[in-house]
Amino acid sequence: MQHRGRSCRQHLCRTAMSLFRIVPIIKTVCKLTGSLIGVNRHDDIAVFNRLDTILDEPRLAKILNYNFFTECLRSEERELLHTFTDALGENQYLHPVIALRARQLASEMSQLLQTVDATFSSDDGEMFRFRPDPKDPTAYDRGWDNLHEGIEKTWKAYKLYRQVVNDRLKV
């Protein structure tokens, strides 16, 4: 009888130890599924609203699809692009799919801004104009191609980001 009691206690101890190992895994799974089903939805909506306040879709569309094609960019628009790109990196989404799309958008915008910073210049600090290296006759074509490739990739990344935000957050 003594032997059987010890066996039950050992079994209970082993079961308890197994539970202690499983609890962290259960917490992680609950956190992930909670994020996926909307427990963290309000936090992600707040992140989206902060970012959208900085630069909303119509303003970004105007900059990418109009201003760059006219080869002119006002200093405030250039700063908006930089501020939005920085804010994308600072404001982290909890939903993994939205976070992935936001990181991809930030990456594409960073690359576009590198091209803009290298090919646009200003005489008065207010208006930036597309002026690649005047000493190199092929610089204009190369710069123009790089700019348009960056615009296309950034706009595509933004549309994917917005689609995921709309699907997951319903905003």
I want to check something: taking the side chain as every heavy atom from C-beta on, are [X] and [Y] in contact at a cut-off of under 4.5 Å?
X	Y	answer
Arg74	Glu126	no
Leu60	Leu81	yes
Leu55	Ile63	yes
Asn146	Thr119	no
Leu147	Ile151	yes

Taking ring pair (Phe, Tyr, Trp, His ring centres under 6.0 Å) as the test, write out the residues that go with [X], two or more places apart.
X	answer
Tyr158	Trp155, Tyr161
Tyr93	none
Phe120	Phe68, Phe130

Who are the salt bridge (Lys or Arg N to Asp or Glu O under 4.0 Å) partners of [X], not counting sequence neighbours?
X	answer
Glu90	none
Arg59	Glu76
Asp52	Arg162

Identify, with sequence neighbours excluded, every residue that meets side-chain hydrogen bond (donor to acceptor under 3.5 Å, both in side chains) alongside [X].
X	value
Ser122	Asp124
Arg168	none
Asp136	Thr138, Arg142
Gln92	none

If you measure from the Lys or Arg side-chain nitrogens to the Asp or Glu carboxylate oxygens, is any gap between Glu152 and Lys156 under 4.0 Å?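 Looking at Lys156 together with Glu152, the answer is no, because their closest N to O distance does not fall below 4.0 Å.
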
Ion pair Arg101/Asp167, N-O distance below 4.0 Å: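 Salt bridge: no.
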
Which donor-acceptor pairs under 3.5 Å do side chains of residues 108-117 form with protein atoms, sequence neighbours excluded?
| from | atom 1 | to | atom 2 | distance (Å) |
| --- | --- | --- | --- | --- |
| Ser110 | OG | Ala106 | O | 2.9 |
| Thr115 | OG1 | Gln111 | O | 3.4 |
| Asp117 | OD1 | Arg78 | NE | 3.3 |
| Asp117 | OD1 | Arg78 | NH2 | 3.1 |
| Asp117 | OD1 | His82 | NE2 | 3.4 |
| Asp117 | OD2 | His82 | NE2 | 3.4 |

Can you list every salt bridge (charged side-chain N to carboxylate O under 4.0 Å, His left out) pair that touches residues 61-73, not counting sequence neighbours?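 Of all non-adjacent pairs touching residues 61-73, those that pass salt bridge (charged side-chain N to carboxylate O under 4.0 Å, His left out) are Lys62-Glu77.
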
Donor-acceptor contact present, side-chain Asp44 to main-chain His95, <3.5 Å: yes

